[in-house]
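One structure is given here, and the rest of the page talks about it.
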Amino acid sequence: MKKINPDTRIIDLTVGQLLDVVEDRVRAVLANKPTKQEGERRYVYGLKGLAKLLGCSKTTASRIKTSGKIDKAITQIGALLIIDADKALELAGNKEK
C-alpha cells in the first residue's frame, strides 16, 4: 500500500484509498486502547446506578436489592450504596433452585 499524504483532499482519494486510511486509523486507536486489568473492579452507586446496570427501573432495582439476592455485591455506608458491578451481574444471573 502506498503511503498517502495527510494533506491530500478526501475528494482526491479513491474509495479503496479512503478505506485503507480509515482502517489504519482504527487499528492505531484500538492498539492504544487500555485493556481491563484482571484485578480492576467496576462500581456503580445508588439505586439509579444499579437500575442502569441491570437495565430496569429504580423500583425493580430496589426490589432486587431488598430480596437479598445481590447482598454480597453491595456495601452500604449510611445512605450511600456502593455496588460491585461485575459481582452483582453474576449474582443476579444465578437462578435459585
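Side chains are part of it too, since the values below use all heavy atoms of this structure and drop only hydrogens, waters and symmetry mates.
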Does the pair Asp12/Arg9 count as a salt bridge with the N-to-O cut at 4.0 Å? yes

Going by side-chain hydrogen bond (donor to acceptor under 3.5 Å, both in side chains), name the residues that satisfy it together with Gln76, two or more places apart in sequence or in a different chain. none

For Ser62, enumerate each residue passing the side-chain hydrogen bond (donor to acceptor under 3.5 Å, both in side chains) test, keeping only those at least two apart in sequence or located in another chain. none

For the pair Arg25 and Val21, evaluate side-chain contact (heavy atoms from CB on, under 4.5 Å) and give the outcome as yes or no after the intermediate values. CA-CA 6 Å; Arg25 181 64 183 148; Val21 169; 5.6 Å; no

Interatomic spacing from [atom1] in [X] to [atom2] in [Y] - rounded to 0.5 Å:
X	Y	atom1	atom2	value
Lys87	Asp71	NZ	CG	11.0 Å
Leu91	Ile83	CG	CD1	12.0 Å
Leu50	Lys65	CG	NZ	9.5 Å
Ile70	Leu53	CD1	CG	8.5 Å

Report whether Leu19 and Val29 are members of the same hydrophobic cluster (ILVMFWY, side-chain heavy atoms less than 4.5 Å apart, transitive linking).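 Unlinked, Leu19 and Val29 end up in two clusters.
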
Are Ile4 and Val22 connected, step by step, through hydrophobic side chains (Ile, Leu, Val, Met, Phe, Trp, Tyr) whose heavy atoms are closer than 4.5 Å? yes

Can you give me the closest heavy-atom contact between Cys56 and Ala61, atom names plus distance?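 Heavy atoms of Cys56 and Ala61 come nearest at SG-N, 3.8 Å.
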
Under 4.5 Å side-chain linkage, directly or through intermediates, the cluster mates of Tyr45: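 Noted: Tyr45 shares its cluster with Tyr43, Ile77, Leu80, Ile82.
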
Begin with the C-alpha distance, continue with both residues' side-chain angles, and end with the deciding distance and a verdict on side-chain contact (heavy atoms from CB on, under 4.5 Å) for Arg42 and Leu89. CA-CA 11 Å; Arg42 185 171 56 118; Leu89 288 173; 3.9 Å; yes

Answer whether the closest heavy-atom distance between the side chains of Ile74 and Asp84 falls below 4.5 Å. no

